[in-house]
Amino acid sequence: MLVQFTLKNVLSFKEETTLDMAAINAYKEHESNLIDCGNKEKALRVAAIYGANASGKSNLYFAMSFFQKIIAKSFNNVEDGASTAIEEYYVPFSFEENSENSEFEIVEILGDYEYKYGFEYNAACIETEWLYRKNLQTSRTSILFERTREQILFGSSVRKECDVYKEQVPMETLVLSFFNKLKLKTDIFRIIYSGVMDTLVVPTDFCENTNLLESFLPKIIDGEKDELIKFLSAIDTGIQDIQYIERDKEIDFITFHKGKDNKVYTLDLDSESEGTIKTLMLYLCARVVIQNDKSMFVDELNIKLHPLLMKFIIDLFYDNNSKAQLIYTTHDTTLLDKKFFRRDQIWFVQKDEFGYSQISALSDFKVRSDASFEKDYLAGVYGGIPYLKEFSMKEGR
């Protein structure tokens, strides 16, 4: 379960920035929007991020992707002349001459513990790295490891097993990535690695990516077709049935529609509307995430989706039997309403005249009990909207 994600000097976020999924206990509205963490604390099921074009809201999404890719790739063998993971994903703030280190940190609850993991890096090396574990029952925090350019210090629970390998960790490789690849008695590195990767960063081109459909849709059709058809009916696609045919290692998906004459007509899935395909893809992702208590980060969730379809996808995550989470960026203000969201679920990203992005939560503002979130947002009360200068368009002759 994701609690916090922090970045510093990454893309347009020069200063330390934190997206906080911990619920504010003082707020009593929409208790069903929360996940019980089991330690008197609660986490948000859904967080919505608003902002103008080029404000930097998508950069939060890319930052999470870069964070995961560095962890996944930093221990890969690098061919001569090829870039290392930290070289490839070192993307500091652009509008300053002196490039400083970039930094990531994540806080997650996994089982009975809260873990805090992060690292500071540049294109040449990992400068610092750290991993701490907090027992949620006793609130006792222990060090699993701390790393600087000079040394790696392991905590007592893993020291005996890990000390023999620490001199082998390259300066461009994360300790977490290195020890996750080793066969050890302790499973702590595998737990943290899997926990970080459990946030599904949905690719921006996922509607064009047929691999996702071919990987998941046949299994859903074979095992959960009734639920799938119920979903497709609920979002008014007109699809009565869906089947697939395997031909020469390729899979074709066929949808069935009923005509005015009561006859059944078929259509290739790729001939359906882009909105239908996107909603179906999101449904597949959401099913996997919800069934496995994972998190999902989607950029521009509103594109090609009617607001009611967007709400339908969001509502899938309000499942009391799951601890899944959804984070998404959007321009659509239709759902920016106290009927749907708590104040701590709504975030705004704004960029100043020098290119610095900042993020703030609606809970950072003094909000009247009768306030309209959408109206006040569009009026510029919370920031995160475009500043449009006046200009005139000449008429054509």
Side-chain angles (χ1 to χ4, degrees), residues 2 19 21 23 27 29-35 42-51 57-58 60-61 199-202 204 206-207 220 224 227-239 272-291 293-349 361-363 367 371-378 382 384-385:
L2 180 62
L19 177 66
M21 296 294 287
Y27 296 163
E29 66 268 29
H30 299 304
E31 287 287 325
S32 60
N33 291 15
L34 306 179
I35 304 168
K42 295 183 178 181
L44 304 171
R45 293 186 184 275
V46 176
I49 304 170
Y50 291 85
K57 65 183 184 302
S58 293
L60 280 172
Y61 161 90
T199 296
L200 172 62
V201 181
V202 179
T204 53
F206 73 101
C207 283
I220 297 290
E224 304 175 37
E227 285 294 316
L228 176 60
I229 297 301
K230 190 184 298 183
F231 168 76
L232 293 171
S233 175
I235 64 173
D236 198 26
T237 62
I239 297 174
E272 296 282 354
S273 74
E274 291 184 351
T276 295
I277 294 173
K278 178 171 182 177
T279 309
L280 179 57
M281 299 278 264
L282 287 171
Y283 173 78
L284 295 177
C285 293
R287 289 288 292 177
V288 172
V289 167
I290 291 168
Q291 289 175 350
D293 292 338
K294 297 184 179 183
S295 305
M296 187 164 102
F297 204 145
V298 185
D299 190 32
E300 303 290 7
L301 179 62
N302 59 291
I303 291 180
K304 298 175 185 173
L305 288 186
H306 187 280
L308 290 178
L309 284 183
M310 193 165 79
K311 185 176 186 303
F312 199 102
I313 294 295
I314 293 167
D315 285 348
L316 293 175
F317 285 81
Y318 294 128
D319 181 346
N320 289 330
N321 297 317
S322 174
K323 294 184 178 180
Q325 296 168 293
L326 170 66
I327 304 163
Y328 69 92
T329 71
T330 183
H331 287 125
D332 193 302
T333 61
T334 311
L335 303 180
L336 189 51
D337 194 301
K338 66 179 67 178
K339 292 186 297 184
F340 308 125
F341 288 116
R342 295 159 50 96
R343 285 165 283 173
D344 49 3
Q345 289 184 273
I346 298 170
W347 294 80
F348 305 106
V349 177
L362 181 56
S363 55
V367 181
S372 165
F373 296 168
E374 181 183 23
K375 183 178 178 180
D376 286 350
Y377 170 63
L378 294 177
Y382 312 127
I385 60 172

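Only heavy atoms go into these numbers, but all of them, side chains included; no hydrogens, no water, no symmetry mates. Note that the coordinates shown come from a computational prediction; the quantities given were computed from them, not determined experimentally.
Looking at Arg342, its side chain never comes within 3.5 Å of a backbone N or O of Asn33 through a donor-acceptor pair. Thr279 places a side-chain N or O within 3.5 Å of a backbone atom of Gly275 that can act as its donor or acceptor partner. Looking only at distances, no side-chain donor or acceptor of Arg45 sits under 3.5 Å from a matching main-chain atom of Gln325.
The two residues Lys278 and Leu301 make their nearest non-hydrogen contact at NZ-O, 3.3 Å. Nearest approach of Ala324 to Ile290, heavy atoms of both residues: CB-CA, 3.6 Å. Looking at every heavy atom in both residues, Ile313 comes nearest to Phe231 through CD1-CZ, 4.3 Å. Ser32 and Tyr318 make their closest contact through O-CD2, 4.0 Å (heavy atoms, listed as atom of the first residue, atom of the second, distance). Between His30 and Lys339, the closest heavy-atom pair is CE1-O, 3.1 Å.
Counting heavy atoms from C-beta outward, Glu227 and Tyr283 have side chains that approach closer than 4.5 Å. Side-chain atoms of Ile35 and Leu44, non-hydrogen and from C-beta on, never get closer than 4.5 Å to each other.
For the side chain to side chain contact (heavy atoms under 4.5 Å, CB included) with Asn302, the lone residue among Asp332, Leu309, Thr329 that qualifies is Asp332.
Residue Phe317 holds its CZ atom at 8.5 Å from OG of Ser295, rounded to the nearest 0.5 Å. From Thr330, atom OG1 reaches atom CD1 of Ile303 across 8.5 Å, with rounding to the nearest 0.5 Å.
Within a 6.0 Å sphere centred on CG of Asp236, heavy atoms belonging to other residues, nucleotides or ligands number 12 at most.
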